[in-house]
Engineer: 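What follows is a single structure, and I will ask about it in a moment.
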Amino acid sequence: MSPLCPIPAPQRLRLVLLFISAINFPLSAITHAQDDPAPATPPPAATDDTFERFRHGTLDLATLAEVLPRLSNKELRPIIRATVLEAKAPPRADLVALLKHPTLAVRLGALELLEELAGGDLAFNPWTPAESPDNLAALTRWQAWAGAAADAPRTGSLFSDEQRRSYLRDLLAEDIDKATRARRMLEAEGFAAVGFLEAFLNDTPTLPPGSRARIREAQYQITLARQLGDQAADTARQLAFGSRDQLLSALATVRSAGSLALPILRDFIIHPDPLVRETAIDALLVSGGEPAVAILAPLLATEPDVNVIHGALRRLKDIPGPETEKLVGTFLTHADEDLLISAIQTSLTLSGDNKRYSSGPKKKSPTTDPAVLQALSDPRWRVRATALEYVAKRKVTAAKETCLTLLEDPDEFVRFAAIKAIVALEAKEALPKLKAMFLTNPAMAGPVIEGYGALNQPLDAEILAKLDAAPPEARLAALRSTASGKSHDSLALRYATDANLDIACAALRLIASDEATLKNNKYASVVVAALRSNIPEKTAAILERLDLPSASSKRLDPLLMETLNSVGKSGEPTALDPLYDAFLLPGKDALTGRGEPATPNIPAAQAELIREIAKRCTPDTPAGLRFSAAVNLAKADQTEGYAALLRDLPAQTTAQKIAICDGLHSPSSRAAIPLLAALLRDPVSEVRSAAVACALSNEKAKALVTLVIEELGHPGSPLQPHEAYGHRFEYAARESAAIFRPWCLSVLQARDCATPLRVLAIIAARHCANTPILEALKKHATSNDPKLRRAAWHALLCARPADLATSAAAIAKDPEAFVRAVLPDRAAKTENIWLHQFSDTQLSRETFSNYNEKQARLTDGVRDLLKRLAEQDPAPLVRFEAGFALIAQGVATDLDAFIALLPRLSKDSNAADRLTDWLENNAARATPALRPLLAVINPARIRPDKLQLLNSRISPTQAKGFATFASLADNAAKPATKDAPVLTEEPAVAAPTRSSLEVVFFYKPGCAECVKTKQFLSHLKSDFPLLKLTETNILESAGTVLNQALCDRFTVPSLKHSLTPAVFTQSGFVIGTDISPATLGKLMAQTMAESQDDTWCQLDAPEQLAAAKEVDRRYQAITLPIVLGGGLLDGINPCAFATIIFFLSYLQIARRSPREMLMVGAAFISAVFIAYLAAGLLLYQMLKQLNERFAGIQWWLNLGFGLLALLAAWLSLRDGLRARAGRLDAMTLQLPGFLKERIRGVIRTGARARNFVIAAFLSGLVISLLELACTGQVYAPIIYQIQKGRLDAVLWLVIYNLAFIAPLVVIFLLAYGGLRSETLVTFQKKHTFAVKLGLALLFLCLAFFIFFGARLVHAL
Amino acid sequence: MKPLILLLALTAPLCGKEGAVECGNLIYAGTKTSKCFSDEFLTTVQQKTSIATERRFKAVKLADDELFKIPFVIMTGESDFSLTAKERENLKKYLENGGFLLASASCSNEAWSKSFERELKAIFGNDCLKDIPLNHDIFRTVFTVKDLKLSHAGPETLLKGFTRNGKIVVVYSPEGLNDSSHAEGCCCCGGNEIQNSMEINANILAYALLH
């Protein structure tokens, strides 16, 4: 027998049985253990003091003897094991000595720990005295072992093959206890044991299922032990042998094990029970991410159960990638209707652009598009509707024609979906169909009007007339359709006075619920008139939904604004200015259809509205409406509102009181003080907290800040310090240091102040620390009260981070673990959110971060202290935090020991998630030394692109994670990485320069959380002055599209799409419940650390935008000479030349003075310019409308105008030839004779007029319009060329017309200098050929560009 | 449609594919869809009971006779709505003949709640909706639900129910049973949703099918 040979089976069996008895009963109760010479009295149970000493590292013989019997206690067992086994120098010799202890429980405990340290029991039998001959040899071996200096490795080859085989035999034996012990022993060897068992299973294919299950049980337990601790054994048993319910429950537990769950879950995704398969697949995809897709794909292809596939599709949405798209694509032709719908919806979520800042060409349409387009013709209405939803969200332009067809679908819901798709595709050519749809079926009023609104099209008179005459349901539907957008909000105005009360109330609700609308006097007038009508239904409709504009800016209240840093600058707006200013602004008359509705227009309607609402604050108004009226008035800082709320306060519910506090942001009227004072003394804690937040929301108002801090110090006040703590408190302390500084000092220097209030003052003190305060903090750092020491050290190091090196030793030797935890927290950024401890039960999470604080490098001294804490601190949490701090600072650390701490931490520590977040943030710097951490993180929490980067950095050769038990073992077999650096050095790059910090904020009107988020963001402006906020209403079409695009770009989990509040920046996002001041600040800080790239929030890919700009530039390059040349040639072409000659004649006929001639000339030329410009713009708009309304017309217009240009070229050439032959009269392109006569008449009449300047102007206008009959031949194709590009039409038409009038100006100046018309006629005759030839060439060029311009632009 | 035929229609195809119960997702007021209602509770019911369920809702129009093939439907939404005459008629027949409706305002939407209550009162009379006490069987079918946890502070809330022949056939909550945290692209932005809604919905489905 080898020295490490296990005890023979019969003896072991007895050992285990008796051990179990020993740990469950007092030793005296074991009556059958006749051979046990142990005394009949139990060993002394370790007192709490002894146990505490033990936990703090006292591992001497006496202490161990007292503590070891407590191994039977399930709660203490892990602590005892960890304390002994993870000690830097485990007490081997003492444990061996305790094998001779007279108490059986001590001997059993010592042997158990020794076995774990040595990997075997060395044939020692604890049931017989150590001195017995049987044990002498074993004891000698143990003593020899203890004397050896080398420690056995904890991982890798802990056991010999023979030992492993022995444990394997135990696993397969019928003896449950042996198997239990074998699993526990193998657990010590970690993943190497898993690999050994896996190899055994592979080599033994004929193993009976029961035996195979036992091996699997062991593998599961060993794999899960690190993550689940004591729960691992139960979970493994349930997985291997549990009933269906137990198995499902165990699978749910396994799901939380991250990557390690993969090899386990693989066993169950092929389970015969579909529900088990479904649950396992669900867990596999949640835990495994992309590697799981590869595992699943072949199985899902042959999966017979639809529900299993449904479950998989639900999770696949969050694992974007080509493999997933391909897998989902296989179900896009599935016969099952529900499954097909599910596949389309999953494809929709997956089809976004997964690559941020892709440098290649824009991603092609997903391969799923054709299959979904096919689904548009599916005979099942649900499939068609879902496919239309896909088309709308993906903007599949290829589906436009089909969508137009589906507007006539027999199914109403499909028609509705088609309208949505049409809107998304901006297919304005659908408008006639939409109109027809409504005119024939008023029930479609809602969808049609919503479509019109989304397409930004006004409702024409016919639609409005039809709507007026439609049944009330149609008008209600129309009003509802306007609720999500503002395009047709005038419908609410139109129907606010409708005879049908339901319709009028619906319209009034719409108007009253939108504070922006109420700023318009016309809308406010309608509401006032409705209130004055005293119709109860109307009053109720208004007050139920009323949302008056908030008076949130600071008014110069003489009491409230008495602050040291007064904001009362001259000319600063008052609190009501935004309200009244906005009210007094003329409203936009965006009415459509029948024009001004018959509604009252009350002067200063907003002020009247406030008076009317104030009348509803009286007791004769129903309580609910009275409350709404009062809150709205208070929001507008009206005294009546505060008074009414205060009066009704005793009768209000908790929810109402909280609603008051939430609604009154930044109160600035002194009338708020009594109300807030009452709320601060409310019996309900939540109300008091909300009242503090409300009072401190106007941190500049000294009276309100003072109200809070005085209330805190009031002896009888129910307001507790932890209730006052929060983001607003931190912000107020920071912004109003002048108010807080004396308060902090007075609290810290007071003798009889309670600990919670001192803790609160210490928290505030870090924002306003001066020398006296720092001194006071230092005194508190040596206080007898550990809570004060913890708070003081933390505050001191927040205020003066440079003091870490000098304070570290004192903190590290503090007797309380939760004080020592200050050191790792301040030494490195480890995603930790500090916990402020006011009392044993009152704790609050930190809401403040100094985002601009850089993480300083550790000094040698601090690093050594952290290492000591990481290795030796008795508190697992401190060891974990210290270890984490070292890792975060890139210091090589024993990650195996670090990870072993995880199961021992409470859930509150959030350890796995913090490690996950830290790895995600440091993915680019991660090294293979961090590989062990991959086994404990939650991959689903990491963005796919970052996860890929992380895997490639940490496991370049095994980027797919831990997909099998064999890969787990391989991972364990890798060389130890204990001393390898965990992070690469930060690249020494210059700090990125930014000119702005773009933030896109999605909100939803009426969303209270959105209001709070906006306040957080506004507070962040003091930390990030470059912050530039773009607010987007997610309910509006553009907002929805932008949100979808950003969600795609940042691979936001599908459950968070379209959620508000949502905040996006260049470097990431925070959405919904994840939003807090801390998370927002962190996001801003991360963004500031990146180089500016403003393309992140542009809808199209940057390269596409750049390409579009380049196309514009090229169009411009081509168009400019054409426009200039065209204008000049057109100006002297024979058509216009006639006018020039007439004009010159006119000047001669008129015989005006030189000054008058100048005025006449200027008036005439201006008129020509204006008339031509106007005509050009008109034609331009016509062409644009044609293009927008009729899809496919572009081609026909190209053809028409191209042919026109060619015809004009031919005619010009022919005219030129005729002119050269002296046949000027035979020219085709000239003014017809009757128009020449008409122009001549106009000039003569004008010349005789008394107001000759006005006459000249009018003549210019009339002549230009007449002349268009001829010059339009040139003008029209040029306008068409301008319209084809995306150029600024007005600018180009101005350029053209300036060129056009240039000859006129030249001739006018020559005429002013003495040129006569005869000379001009001669000139025309002489140069007509050249001009006509030039025009012919111009037309040819134009025709060429019309036909081939687009290709030319792209080819250049 | 005669009640007998309806009853047969409701009981015979109670089970969908391979004997699984199908749950409908109502399309009402013409084109309003019940989005933002998580179907996770269907899986929970399957896992915790012997009731086989289809895991996804099936879109079904309130105005369509297909409604009568589905024993359990959910209805949710935001903003005002009005049912058409045909929809009111169908809803009445459906509930009087064994169908079950679980209705919930999306994200505590007040306008939707008022519309729903108005519609139900128009069909079944003013006093049709009553509070369901927490000791009712419906809170004990699968999970033992002791209270309705609201996402924000506020007064205690109760579910409301409409009882027909001694059995609740409509469960409605103005505070939101949508479990929107498990529903894609759904936002209960500031609303006071019931947080343990998954357990409650599972209970309601089990009650509807077993009573």
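Order of the sequence lines sets the chain letters (A, B, ...), proteins ahead of strands, with each chain counted from 1.
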Engineer: So which heavy atom on B:Gln47 is nearest to which on A:Asp245, and how close?
Structural biologist: O-OD1, 3.9 Å
Engineer: Can you tell me how far the CG atom of A:Leu275 sits from the OG1 atom of B:Thr43, to the nearest 0.5 Å?
Structural biologist: 8.5 Å
Engineer: What residues, two or more places apart in sequence or in another chain, satisfy salt bridge (charged side-chain N to carboxylate O under 4.0 Å, His left out) together with A:Glu389?
Structural biologist: A:Lys393, B:Lys35
Engineer: Evaluate salt bridge (Lys or Arg N to Asp or Glu O under 4.0 Å) for B:Glu66 paired with A:Arg382, printing each intermediate quantity in order.
Structural biologist: CA-CA 13 Å; B:Glu66 193 187 11; A:Arg382 291 184 188 88; 2.7 Å; yes
Engineer: Counting heavy-atom pairs closer than 4.5 Å to chain B, which one of A:Arg509, A:Lys317, A:Arg415, A:Glu412 comes out on top?
Structural biologist: A:Lys317
Engineer: What distance separates A:Leu476 CG from B:Ser115 OG, expressed to the nearest 0.5 Å?
Structural biologist: 9.5 Å
Engineer: Side chain, backbone, both or neither: which part of A:Ser249 has a non-hydrogen atom closer than 4.5 Å to chain B?
Structural biologist: neither
Engineer: Go through the atoms of B:Thr53 and report whether side chain, backbone, both or neither lie under 4.5 Å from a heavy atom of chain A.
Structural biologist: backbone
Engineer: Looking only at heavy atoms and a cut-off of under 4.5 Å, which of A:Asn1043, A:Asp411, A:Val684 has the most pairs with chain B?
Structural biologist: A:Asp411
Engineer: With a 4.5 angstrom heavy-atom cut-off, is it the side chain or the backbone of B:Thr33 that approaches chain A, or both, or neither?
Structural biologist: side chain
Engineer: Could you walk me through whether A:Glu337 and B:Arg56 pass the salt bridge (Lys or Arg N to Asp or Glu O under 4.0 Å) test, one step at a time?
Structural biologist: CA-CA 12 Å; A:Glu337 182 184 14; B:Arg56 288 175 60 87; over 6 Å; no
Engineer: Is it the backbone or the side chain of B:Lys48 that comes under 4.5 Å from a heavy atom of chain A, or both, or neither?
Structural biologist: neither
Engineer: Looking only at heavy atoms, which two atoms of B:Arg55 and A:Arg314 are closest? And how far apart?
Structural biologist: O-NH2, 3.4 Å
Engineer: Determine, step by step, whether B:Glu22 and A:Asp338 satisfy the side-chain contact (heavy atoms from CB on, under 4.5 Å) criterion, reporting the C-alpha distance in whole Å, the side-chain angles of both residues, the deciding distance to 0.1 Å, and the verdict.
Structural biologist: CA-CA 11 Å; B:Glu22 273 191 330; A:Asp338 291 343; 4.0 Å; yes
Engineer: Might you point out which heavy atoms bring B:Thr31 and A:Phe413 nearest each other, and give the distance in Å?
Structural biologist: O-CE1, 3.6 Å
Engineer: Of all residues at least two apart in sequence or in a different chain, which pass the salt bridge (charged side-chain N to carboxylate O under 4.0 Å, His left out) check with A:Lys657?
Structural biologist: A:Asp682
